[in-house]
Protein chains: 4
Amino acid sequence: MSEEKKTQVYLGVISLVQQGRSLNELKVSEIAEASGIGKGTCYEYFSSKEEIIRETLLYTFHKEFDSFCGLLQFDQGFEAGFRQILTVMEKALSQFSPFQTLMSSVGKRELKQYVSEEAMENIMRQMIRLIDLLLDQALQEGVIEPQRPREYQRFVLIGVMQAYCFQITNPQLQISAAQAADYAWQGLREALA
Amino acid sequence: MSEEKKTQVYLGVISLVQQGRSLNELKVSEIAEASGIGKGTCYEYFSSKEEIIRETLLYTFHKEFDSFCGLLQFDQGFEAGFRQILTVMEKALSQFSPFQTLMSSVGKRELKQYVSEEAMENIMRQMIRLIDLLLDQALQEGVIEPQRPREYQRFVLIGVMQAYCFQITNPQLQISAAQAADYAWQGLREALA
Amino acid sequence: MSEEKKTQVYLGVISLVQQGRSLNELKVSEIAEASGIGKGTCYEYFSSKEEIIRETLLYTFHKEFDSFCGLLQFDQGFEAGFRQILTVMEKALSQFSPFQTLMSSVGKRELKQYVSEEAMENIMRQMIRLIDLLLDQALQEGVIEPQRPREYQRFVLIGVMQAYCFQITNPQLQISAAQAADYAWQGLREALA
Amino acid sequence: MSEEKKTQVYLGVISLVQQGRSLNELKVSEIAEASGIGKGTCYEYFSSKEEIIRETLLYTFHKEFDSFCGLLQFDQGFEAGFRQILTVMEKALSQFSPFQTLMSSVGKRELKQYVSEEAMENIMRQMIRLIDLLLDQALQEGVIEPQRPREYQRFVLIGVMQAYCFQITNPQLQISAAQAADYAWQGLREALA
DNA sequence: GATGAATGAGACTTCATTCAT
DNA sequence: GATGAATGAAGTCTCATTCAT
């Protein structure tokens with residue numbers, strides 16, 4: 001069936017990138033080989049190489065975003081949920097998740113070539129909604145003070161998560177993941193309490 | 001003189017990228033034309049297209065980093081200096097500074113192809129030193145409490161700066177630059193005081 | 001099939017050289033056109049222009065050497081066989097056989113670039129073997145005296161054959177092929193009887 | 001003076017070829033460097049690269065031919081003179097004389113591109129004249145019988161000289177230069193006496 | 001539907017030649 | 001007269017795409 005074959009191609013592209021190739025140097029012949037299909041067959045399901053890459057990016061993002069959301073736990077309290085997110089992000093970053101891997105091989109500029117402005121905005125909207133869900137839970141549990149404007153709350157949550165990722169991906173800062181998670185939690189508390 | 005011609009080429013590349021082209025789709029003929037020299041002349045000063053791009057990245061980064069450092073003010077107090085940095089970053093991001101522009105058109109993966117691991121680490125080291133300089137000033141002025149570990153201090157400073165950049169570059173969050181700067185300062189104070 | 005396409009290319013190269021082009025001035029596009037295939041197709045069967053030329057030389061030599069050997073007749077006596085060789089060489093030289101044509105457009109120096117030292121030595125070894133076969137027949141028939149050392153016999157046979165070729169290819173000496181063949185036979189007899 | 005500079009260039013070309021480069025791969029920049037002059041200066045004395053190569057070939061040939069003729073000795077008898085020629089040829093071949101070196105790097109085909117048909121014929125005429133001079137001396141001394149036609153005499157002389165060169169340049173035949181010279185003399189005597 | 005041989009546009013790079021100094 | 005920086009025509013080779021099987 002058509003969607004299966006397409007997925008086969010997505011997985012081929014992902015495997016190549018995970019082997020260290022960068023997206024814009026992939027050849028159609030490589031993709032076909034990595035996907036276990038013939039070169040010509042790619043053109044039965046996609047109209048061009050660019051479409052293959054664009055759709056692979058979208059596929060990967062949705063897959064990863066869904067699994068990311070699935071891992072979220074709102075039932076064991078905000079702190080547990082927050083730390084769970086950090087863990088998931090750390091795993092994604094250190095294990096080179098498909099999405100992370102793909103993203104690291106395209107610049108923002110190229111990304112726009114592949115993914116429409118609209119798709120990007122949609123993604124961003126979903127992320128903001130997720131952030132707000134988390135903040136709502138934190139408020140309910142009284143972890144953070146209610147009087148702060150929502151914009152500031154978002155600012156802080158984004159900040160600690162980004163700082164966490166930065167620490168993880170820059171070993172020169174010489175902090176363990178656990179230590180960074182504690183700092184993230186501490187920073188969040190102090191800035192929002 | 002040789003360095004002048006090279007600079008001419010760097011500027012040609014930068015102008016192309018600022019016109020919206022992405023680094024890895026540039027043709028040598030375009031670069032030559034944008035630089036106002038003949039195609040063959042490029043090869044008098046660089047041995048390959050890759051060398052042109054690599055050296056342009058290094059040139060741009062060093063130029064920008066120097067000018068960034070030059071704009072720092074340590075003499076009017078920490079808060080003024082901190083806000084100055086935010087302003088500079090905002091200007092760089094919103095005006096598409098050459099470096100920002102170039103960076104947005106290469107993924108991390110490609111970046112490694114062009115810039116050696118060692119050069120990357122060197123850059124990171126310089127940034128950490130800069131962060132520490134700022135934190136030292138904040139400590140001297142009593143803006144932040146001395147008992148916190150330096151790692152945590154860095155974590156927070158990086159976090160607010162990254163969050164600030166994130167707000168600036170994602171207009172969907174609907175915050176003005178000034179507002180975001182206030183949040184950054186507030187977050188810094190609350191998390192480190 | 002792969003070997004057929006390669007042969008198609010060999011024939012293309014040969015036809016170009018027979019039209020007066022010299023090997024090292026051939027362009028891939030010309031070769032492709034002369035072979036009746038697309039430029040890119042050449043690179044499906046050969047990895048570079050140099051490989052095309054090298055393999056064409058080897059192909060042509062083997063083909064010609066085989067047909068040369070096939071024309072040899074050991075069954076009608078030494079003189080008939082010897083004159084047959086001269087005839088074959090004369091035809092090859094005057095009709096611009098593929099091999100002769102190719103050889104005339106590469107210097108020894110270039111030849112070594114294309115054909116390995118080992119291949120050259122192998123060829124030479126085969127030629128010596130051929131010479132010895134002829135000399136053995138001459139000895140059996142009593143055309144030449146047995147007491148001469150084999151090295152001298154070879155020396156003479158090579159000498160008359162080379163002189164014959166020299167006469168053929170230098171019309172200034174104003175000898176007909178038939179006359180030259182008679183001289184070759186006479187010289188051989190007198191020097192070896 | 002003009003001729004001096006030209007000679008400087010000839011010597012530059014010769015030195016390059018003696019270093020193993022082949023004529024048709026030389027770059028003007030290399031020739032200029034090897035000649036110790038600027039690239040542009042070449043074009044003050046020659047109108048093109050082809051002219052440089054053509055004139056170098058002519059220069060080298062004439063120089064070598066003259067020195068070859070100069071070494072000939074007609075005053076110590078034919079055998080001494082004949083053997084002297086063999087020695088000179090052997091030296092030229094084994095020591096890679098400039099001419100020999102240049103010749104080995106152009107095919108006959110290329111040679112025609114560089115040297116006019118007329119020049120070639122002229123050279124051949126001179127060689128025939130030389131051969132005839134030698135044969136005259138041999139006749140005077142009674143080394144060879146007078147009744148043979150001149151064409152046959154030439155045929156034999158050319159044959160032994162070519163066979164000698166062939167032996168020298170093909171070590172696989174495993175004959176020393178001295179042995180080959182004896183065979184050459186022997187062959188000449190037997191075929192012409 | 002699946003394939004991969006064939007293709008040619010177009011990329012990078014070289015280098016003979018020019019010309020301002 | 002001497003130079004070499006600048007040039008662009010032209011070469012080799014790649015690779016996305018097509019299409020006959």
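Order of the sequence lines fixes the chain letters, A, B, ..., with proteins taken first and strands second; residue numbering starts at 1 for each chain.
For B:Tyr45 and F:dA5, the shortest distance from a side-chain N or O to OP1 or OP2 is not below 4.0 Å. Dashed line: the shortest gap from a side-chain N or O of A:Lys39 to OP1 or OP2 of E:dA5 is not under 4.0 Å. At the phosphate of E:dT14, neither OP1 nor OP2 sits under 4.0 Å from any side-chain N or O atom of B:Tyr43.
Rounding to whole angstrom units, CD of residue C:Glu33 and C1' of E:dT7 are separated by 14 Å. If you take CD1 of C:Ile37 and C1' of E:dT7, they are 10 Å apart, rounded to a whole angstrom. One can place NZ of A:Lys5 at 11 Å from C1' of E:dT3, the figure rounded to the nearest angstrom. The nearest whole Å value for the distance from the CZ atom in D:Phe46 to the C1' atom in E:dA16 is 15 Å. Going from atom CD of B:Glu25 over to atom P of E:dA11 covers 11 Å, rounded to whole Å. Put simply, NZ on B:Lys27 is 5 Å from P on E:dA11, counting in whole angstrom units. To the nearest angstrom, P of E:dA16 lies 15 Å from CD of D:Glu51. A:Asn24 places its CG atom 12 Å from the P atom of F:dC15, with the value rounded to the nearest Å.
Among the nucleotides E:dC15, F:dT17, F:dT7, the one closest to any side-chain atom of B:Thr41 is F:dT7.
Heavy atoms of other residues, nucleotides or ligands lying less than 6.0 angstrom from CD of B:Glu25 number more than 12.
Using a 4.0 Å heavy-atom criterion, one finds that C:Leu26 contacts the sugar-phosphate atoms exclusively. Within the nucleic acid shown, C:Ser29 has no heavy atom closer than 4.0 Å to any nucleic acid atom.
Within the shown strands, F:dA2 is the pairing partner of E:dT21 under the Watson-Crick or G-U definition, both distances less than 3.5 Å. Summarising the base pairing, F:dG8 is matched to E:dC15 through a Watson-Crick or G-U wobble pair whose two defining distances lie under 3.5 Å. Pair assignment for E:dA9 gives F:dT14, based on Watson-Crick or G-U wobble hydrogen-bonding distances that are each under 3.5 Å.
Mapping C:Cys42 and B:Ser47 onto DNA chain E by nearest heavy atom places C:Cys42 at the nucleotide closer to the 5' end. For B:Glu44 and C:Glu44, each mapped to the nucleotide of DNA chain F holding its nearest heavy atom, the one lying further toward the 5' end belongs to B:Glu44. A residue-by-residue look at B:Ser48 and C:Gly40 shows that C:Gly40 has its nearest nucleotide of DNA chain E further toward the 5' end.
A distance-only check finds a donor-acceptor pair linking the side chain of D:Gln8 to the backbone of D:Ser35 [under 3.5 Å]. Side-chain atoms of A:Lys49 come within 3.5 Å of backbone N or O of A:Leu26 as a donor-acceptor pair.
By the 4.5 Å heavy-atom criterion applied to side chains, A:Leu16 and A:Leu23 are not counted as neighbours.
In terms of heavy atoms, C:Ala32 sits closest to C:Cys42 at CB-SG, 3.9 Å.
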